[in-house]
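One structure is given below, encoded as structure tokens.
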Amino acid sequence: MAQPNVAALGGSSLIQHELVVIGGGPAGYAAALYGAASGLDVALVEEHLLGGTCLHVGCIPAKELLETAAVLRTVRHAADFGVGDVGGGDLEPAVDLAASQTRKQKVIDGLARGVTGLLAGRDVTVYKGTGRLGAAHVVSIDHGAGDPTLVVSEHVVLATGSSPRTIPGFEVDGTLVMTSDEVLSLDEVPERVAVIGGGAIGCEFASMLADYGSTVTLLEAAPEILPGCDADAARAVRRAFRKREIDVHSGVAVADHQPGDAGTTVRFGPAGGNDAEGTDLDVDLVVVAVGRRPRGDSAGLVGTRVAVDDRGFIEVDDRLRTGEPGVYAVGDVVDTPQLAHVGFAEGMFVVRDLLGESPAPLDPGTVPWCIYSHPEVAFAGLTEAAAMEAGHDVVVSSHRFAGNGRAMILGEVDGLVKVVAEKDPDGRAGRILGVHMVGPWVTEQLGQGYLAVNWEATVDDVAAHIQPHPTLSELFGETVLSLTGRSLHG
Ligand code: NAI
């Protein structure tokens, strides 16, 4: 590994690396780790915590707290399995969010130690501070006190991430109005909650809080929750939510909220309607989950040719190159799906690109999506509507978990698997264009569907393979099999 070079620049020393990454979230640390694994002398600049949103206020804490919800559900249904307390009565679970928070933090700390150790193990130089890219690839690192550190590199990767979006009329105060940043630190269960936004974050929180015992109202501006998901998948989640008494209102506009003696009153009405049609909803907590704003402007960029669009995204081409030669951008700060695993893939991609390995550009349309609500949602590839819109003649097949043995054993029979395939000229189902799943552990079952879509497999290719029995994944096999024209159980 090359040793950093130190040169002089107007009195300050200028430390030279072969790759400088600004931002230590999944996209940034992936670029750093993969760059170091490729033999580069890498520096990583992070102003807050290594691991970024995903590890500290995103994927990991959210899924950890959702696991508390899953344990609660299991215990609540224990009597169905003949499991009660020693006195013979039903188990009556109570949620202790403070204890759950302690467990969450333990998981986060363990993973944070892991990232730190991996970076150290690969001799990545980690600078704590705010990195600002200026002219001539010089990155100035502001440590909050003392002189900034100046580093320079032929290649710079911008990975400054995103932060929760807010909406007018709902100032985040951390008590009555929260974004995901604050909800993930809740240590008491609110009685009544309005969740604004029915995307991935909104649905996960609505599901989690309903399991904890909150009365939840979900307010979504679009005509259906989970925009971007296949319509049948979104409908299945909505149906399951209704059964769980989550009150879902879609096609609504949320006006504002009026704090009162106890909690606050949220006013909403039909999108495009007038105030007179509004409904008042009394709640103890408003969760705003209306998307994440890219932090394109947070890495200086003065004197560079890096462009930031009016939504805050750094503009890149399909090789994630910015307008400044040698400078890349990856992760939530570019306009590709804001998912940690997409960040990992982008971080690794740019390393291969700067090394001249000419990797094939990533296709944002076929990445895996996993939403950890109850029921879970997972998909890859085109929805039925998007496939038709793209001009494909399609054949689809859906099968429900209700008939799957393992799902019945688990007592988790809500949900379906839907496969969208291209219709060949002979009318038979050909290439698999999209796989959509709702139900138990589908986030762990998507792998086969993701590979099928991205390997451009046909229905016949996949149907030739055996699914183990009894498994939840048999439903994917059964759905594909039925598209061959002959099915077994379906
Ligand atoms: P999102 O963009 O997925 O969903 C936001 C939702 O809010 C949309 O359905 C939108 O129509 C709705 N909305 C926007 N303004 C509104 C308003 N004023 N009133 C009512 N509804 C409104 O964003 P989300 O859920 O906040 O997630 C942010 C990003 O993080 C997304 O890219 C998401 O995919 C990603 N993410 C993914 C997760 C996963 O895959 N499990 C989990 C968490 C986040």
Side-chain angles (χ1 to χ4, degrees), residues 25-27 52-67 161-170 172 177-184 194-208 217-229 233-234 237-238 248-257 266-273 278-279 281 286-295 311-313 331-344 364 367-380 437-438 442-444 446 450:
T53 297
C54 163
L55 181 49
H56 299 280
V57 280
C59 320
I60 297 297
K63 280 36 158 187
E64 209 285 335
L65 295 177
L66 277 156
E67 203 51 36
S162 63
S163 51
R165 267 187 62 212
T166 51
I167 43 178
F170 292 86
V172 176
V177 182
M178 298 186 182
T179 66
S180 51
D181 282 357
E182 297 82 24
V183 173
L184 291 168
V195 177
I196 303 178
I201 296 184
C203 283
E204 287 183 358
F205 283 152
S207 179
M208 178 182 91
T217 306
L218 183 58
L219 303 170
E220 164 59 48
E224 182 56 286
I225 57 169
L226 296 173
C229 288
V237 175
R238 191 190 183 100
V248 178
H249 297 259
S250 53
V252 297
V254 181
D256 55 14
H257 77 112
V266 176
R267 170 156 277 247
F268 69 96
T279 303
L281 175 70
V286 181
V287 176
V288 180
V290 295
R292 297 186 60 88
R293 206 187 70 77
R295 300 179 67 220
R311 296 165 300 164
F313 287 113
D332 280 10
V333 78
V334 298
D335 190 8
T336 54
Q338 289 178 311
L339 300 166
H341 47 273
V342 172
F344 290 142
V367 305
W369 287 83
C370 290
I371 300 166
Y372 298 75
S373 50
H374 180 64
E376 292 187 346
V377 183
F379 66 97
M437 301 176 160
V438 177
V442 292
T443 54
E444 296 293 338
L446 181 66
Y450 170 75

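Note that ligands are numbered from 1 as they come in the structure, with each ligand's atoms numbered from 1 the same way. This one's a predicted model, so the numbers in the text were calculated from it and none came from an experiment.
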What one should report as the nearest heavy-atom pair of S373 and V377 is OG-CG2, 4.3 Å
Heavy-atom nearest option to [atom], drawn from [options]:
{"atom": "atom 25 (O) of ligand 1", "options": "V254, T179, I167, I201", "answer": "I201"}
{"atom": "atom 41 (N) of ligand 1", "options": "A271, A200, C370", "answer": "C370"}
{"atom": "atom 5 (C) of ligand 1", "options": "G197, A289, C59, A378", "answer": "A289"}
{"atom": "atom 32 (O) of ligand 1", "options": "H341, E204, Q338", "answer": "Q338"}
{"atom": "atom 17 (C) of ligand 1", "options": "I371, L226, T443, V290", "answer": "V290"}

Atoms of ligand 1 close to [X] [distance to a heavy atom under 4.0 angstrom, numbered from 1]:
{"X": "Y372", "result": "41 (N)"}
{"X": "P227", "result": "9 (O)"}
{"X": "L219", "result": "20 (C), 21 (N)"}
{"X": "W369", "result": "34 (O)"}
{"X": "G199", "result": "3 (O), 4 (O), 6 (C), 9 (O), 25 (O)"}
{"X": "I196", "result": "19 (N), 20 (C)"}
{"X": "L339", "result": "37 (C), 40 (O)"}

T279 vs H249, side-chain contact (heavy atoms from CB on, under 4.5 Å): CA-CA, chis, key distance, verdict: CA-CA 11 Å; T279 303; H249 297 259; over 6 Å; no
Is the closest side-chain heavy-atom distance between [X] and [Y] below 4.5 Å?
{"X": "H341", "Y": "C370", "result": "no"}
{"X": "F170", "Y": "T179", "result": "no"}
{"X": "R293", "Y": "S162", "result": "no"}
{"X": "P227", "Y": "E220", "result": "yes"}
{"X": "I201", "Y": "E204", "result": "no"}

Please say whether [X] places an N or O atom under 3.5 Å from an N or O atom belonging to ligand 1.
{"X": "A221", "answer": "yes"}
{"X": "R292", "answer": "no"}
{"X": "G291", "answer": "yes"}

Run L218 and C203 through side-chain contact (heavy atoms from CB on, under 4.5 Å) and show every step you take. CA-CA 8 Å; L218 183 58; C203 283; 4.1 Å; yes
Starting from atom 9 (O) of ligand 1, which protein heavy atom do you reach first, and at what distance in Å? E220 OE1, 2.6 Å
Report the C-alpha distance between T217 and V266 in whole Å, list the side-chain angles of each, state the deciding distance to 0.1 Å, and finish with yes or no for side-chain contact (heavy atoms from CB on, under 4.5 Å). CA-CA 11 Å; T217 306; V266 176; over 6 Å; no
Could you tell me the separation between the CG atom of D332 and the OG1 atom of T53, rounded to the nearest 0.5 Å? 6.5 Å
